[in-house]
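Step one of this worksheet: look at the structure below.
No hydrogens, no waters, no symmetry mates; every other heavy atom, side chains included, goes into these values.
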Amino acid sequence: MIRLAIQKSGRLSEDSLSLIRECGIGFLSSTFKLKTEATNFPLEILFLRDDDIPGYVQDGVADLGIVGQNVLVEAGLMPLEVEPLGFSKCRLSLAVPRGQAYDSVNDLQGKNIATSYPQLLGSYLAERGVQAHLHTISGSVEIAPSIGLADAICDIVSSGSTLLGNGLREVETVFRSEAVLIANQNLSAEKQELLDQLRFRMQAVRRARRNKYIVLNAPVAALDAVKALLPGIKSPTVTPLAEEGWVSVQSVVNEDDFWHVTDRLKAVGAEGILVLPIEKMIA
Ligand SMILES: Nc1ncnc2c1ncn2[C@@H]1O[C@H](COP(=O)(O)OP(=O)(O)OP(=O)(O)O)[C@@H](O)[C@H]1O
Ligand SMILES: O=P(O)(O)OC[C@H]1O[C@H](OP(=O)(O)OP(=O)(O)O)[C@H](O)[C@@H]1O
Ligand SMILES: [Mg+2]
């Protein structure tokens, strides 16, 4: 049995649970139960505060964990990271009151800055030769300037609406983060085997999320152009249509390139383009 710690409730919880489920692992969860066992995989899930997860994994209380890189780096435990997970993407940024002049990070010299990330911010400022007074607070950091607690703040930003709602302007990106799978560095051979199985499944889920299955009809004359646009995993599947001079092409396309590729496929004569989600994708 391998033990995985995930956030009990917050920005990582829902995506962590969906990823486990999409890996084909079933379990019962209830708001009040802080520990559950998977029904079809030797996995125990612990529901914790995210800040506690890196330390628990380091100490072997949990074998694995899912946390933001920001929390991992702040705890000084980067070597535990084994797999980026592609969700909870955000940045740790410096922000100042909107009306305040700001040219460069040197303007923060001698200023009071409120943050929950004193290590990350401290090394960012030290690398730039800026000395500031850091006030560590554990939440609602964006309120600090408006109540006279600080001149600037350094906190997590995603859409920017919390900064906007509190009259703040983002001025520097200190760190970019996403959720990662972390693992204890002294796992037994049996647990290492289970970790490898989990990583294999997680990679298949992530690859599937990043790609779409595409099916289209094209005139034979356009086939070379279509193939160049849709290289697929190995090469596209091409089958003749009942109508003379036409083929059906099936392939895989990266979601980021999807609209751009579709426009070009239409331009070379492709028709009846269907796009389907992929559930799992094994390399
Ligand atoms: N607005 C956001 N958008 C995307 N990801 C975010 C956002 N805010 C935070 N995160 C990421 O999710 C992680 C957890 O954020 P959350 O705000 O739920 O933490 P928390 O309040 O410290 O939770 P806990 O109660 O577990 O200590 C952060 O460490 C960060 O990696
Ligand atoms: O740029 P935005 O999209 O507005 O997101 C940023 C906010 O999200 C996080 O807090 P969260 O809402 O998770 O609340 P918390 O203070 O309880 O952690 C973070 O601490 C910011 O305050
Ligand atoms: Mg926390």
Side-chain angles (χ1 to χ4, degrees), residues 1-92 115-120 123 136 138-139 155-156 158 175-207 209 280:
M1 178 83 79
I2 197 161
R3 265 190 176 170
L4 168 68
I6 64 169
Q7 190 187 26
K8 180 176 175 284
S9 72
R11 297 277 188 164
L12 295 160
S13 315
E14 208 178 300
D15 287 331
S16 302
L17 289 172
S18 318
L19 177 62
I20 299 167
R21 289 211 166 92
E22 281 183 57
C23 285
I25 298 172
F27 56 91
L28 296 171
S29 68
S30 96
T31 328
F32 306 109
K33 221 167 164 262
L34 300 178
K35 205 168 77 166
T36 189
E37 263 181 40
T39 51
N40 55 358
F41 194 89
L43 176 76
E44 184 174 50
I45 305 171
L46 312 182
F47 298 90
L48 304 172
R49 286 285 306 274
D50 71 337
D51 314 65
D52 296 333
I53 294 175
Y56 281 178
V57 171
Q58 162 85 353
D59 297 344
V61 175
D63 303 304
L64 311 175
I66 295 179
V67 281
Q69 283 164 320
N70 51 318
V71 166
L72 191 64
V73 176
E74 183 64 24
L77 295 174
M78 296 78 90
L80 301 182
E81 177 175 336
V82 291
E83 188 79 42
L85 299 175
F87 59 84
S88 295
K89 288 191 175 171
C90 57
R91 53 199 186 271
L92 181 68
T115 188
S116 308
Y117 298 90
Q119 299 302 327
L120 269 163
S123 39
T136 306
S138 57
D155 198 24
I156 297 294
S158 171
F175 185 76
R176 287 187 188 278
S177 179
E178 66 179 275
V180 286
L181 178 69
I182 60 173
N184 178 270
Q185 292 183 300
N186 302 304
L187 293 180
S188 64
E190 290 80 5
K191 285 182 176 176
Q192 186 62 47
E193 167 74 13
L194 292 172
L195 168 60
D196 292 344
Q197 288 177 26
L198 274 175
R199 285 182 72 181
F200 180 79
R201 293 188 189 193
M202 286 179 179
Q203 285 164 4
V205 169
R206 275 204 73 196
R207 220 174 280 126
R209 285 178 182 170
K280 305 282 185 295

Original post:
Should we count OH of Tyr56 as having more than 12 external heavy atoms under 6.0 Å?
Top reply: no
Original post:
Is a side-chain N or O of Ser88 found less than 3.5 angstrom from the main chain of Arg11, in a donor-acceptor match?
Top reply: yes
Subject >> side-chain hydrogen bond (donor to acceptor under 3.5 Å, both in side chains) partners of Ser13, counting only residues at least two apart >> reply: none
Subject >> Exercise: identify the closest heavy-atom pair between Ala5 and Ala62 >> reply: CB-CB, 4.0 Å
Subject >> NZ/Lys35: more than 12 non-hydrogen atoms of other groups inside 6.0 Å >> reply: no
Original post:
side chain to side chain donor-acceptor pair (under 3.5 Å) between Gln192 and Asp196: does it pass, once the steps are laid out?
Top reply: CA-CA 6 Å; Gln192 186 62 47; Asp196 292 344; 3.2 Å; yes
Original post:
Does the side chain of Val71 come within less than 4.5 Å of Pro54's, by heavy atoms?
Top reply: yes
Subject >> Nearest-0.5 Å distance, OG1 of residue Thr136 to OH of residue Tyr117 >> reply: 12.0 Å
Subject >> More than 12 heavy atoms from other groups under 6.0 Å of CZ on Arg21 >> reply: yes
Original post:
What heavy-atom pair brings Ala179 and Ile66 nearest, and what distance separates the two atoms?
Top reply: CB-CG2, 4.4 Å
Original post:
Would you call Val57 and Leu80 a side-chain contact if the rule is heavy atoms closer than 4.5 Å?
Top reply: yes
Original post:
Just by modelled atom types, is the Ile25 backbone N or O under 3.5 Å from a matching donor or acceptor in the Asn40 side chain?
Top reply: no
Original post:
If you round to the nearest 0.5 Å, how far is OG of Ser188 from CG of Leu194?
Top reply: 8.0 Å
**OP:** Determine yes or no for a side-chain-to-main-chain donor-acceptor pair under 3.5 angstrom, with Thr36 supplying the side chain and Leu28 the backbone.
**Re:** yes
**OP:** Keeping the roles fixed (side chain from Glu44, backbone from Arg3), state whether a donor-acceptor pair exists under 3.5 Å.
**Re:** no
Original post:
Are side-chain heavy atoms of Ile20 and Phe41 found at a separation under 4.5 Å?
Top reply: no
Original post:
Any donor-acceptor pair under 3.5 Å linking the side chain of Asp50 with the backbone of Gln7?
Top reply: no
Original post:
Are any non-hydrogen side-chain atoms of Gln69 and Glu178 less than 4.5 angstrom apart?
Top reply: yes
Original post:
Under 4.5 Å between any side-chain heavy atoms of Ile6 and Phe47, yes or no?
Top reply: yes
Original post:
How long is the span from the CZ atom in Phe175 to the CG atom in Leu120, to the nearest 0.5 Å?
Top reply: 5.5 Å
Subject >> Rounded distance [0.5 Å steps], CG in Leu198 versus CG in Leu4 >> reply: 7.5 Å
Subject >> Residue pair Leu85 / Leu181, side-chain heavy-atom distance below 4.5 Å >> reply: yes
Original post:
Hey, is Glu22 close enough to Arg209 for a salt bridge, meaning N to O under 4.0 Å?
Top reply: yes
Original post:
Which distance, rounded to the nearest 0.5 Å, do you find between the CG of Leu17 and the CG of Leu12?
Top reply: 10.5 Å
**OP:** Indicate yes or no: at least one non-hydrogen side-chain atom of Leu64 is less than 4.5 angstrom from one of Leu195.
**Re:** yes
Subject >> Inter-residue atom distance Met202.CE - Arg206.CZ, 0.5 Å rounding >> reply: 11.0 Å
Original post:
Taking side chain as C-beta onward, heavy atoms only, is Leu43 less than 4.5 Å from Phe27?
Top reply: no
**OP:** Answer yes or no: does atom CD of Glu14 have more than 12 heavy-atom neighbours from other residues, nucleotides or ligands under 6.0 Å?
**Re:** no
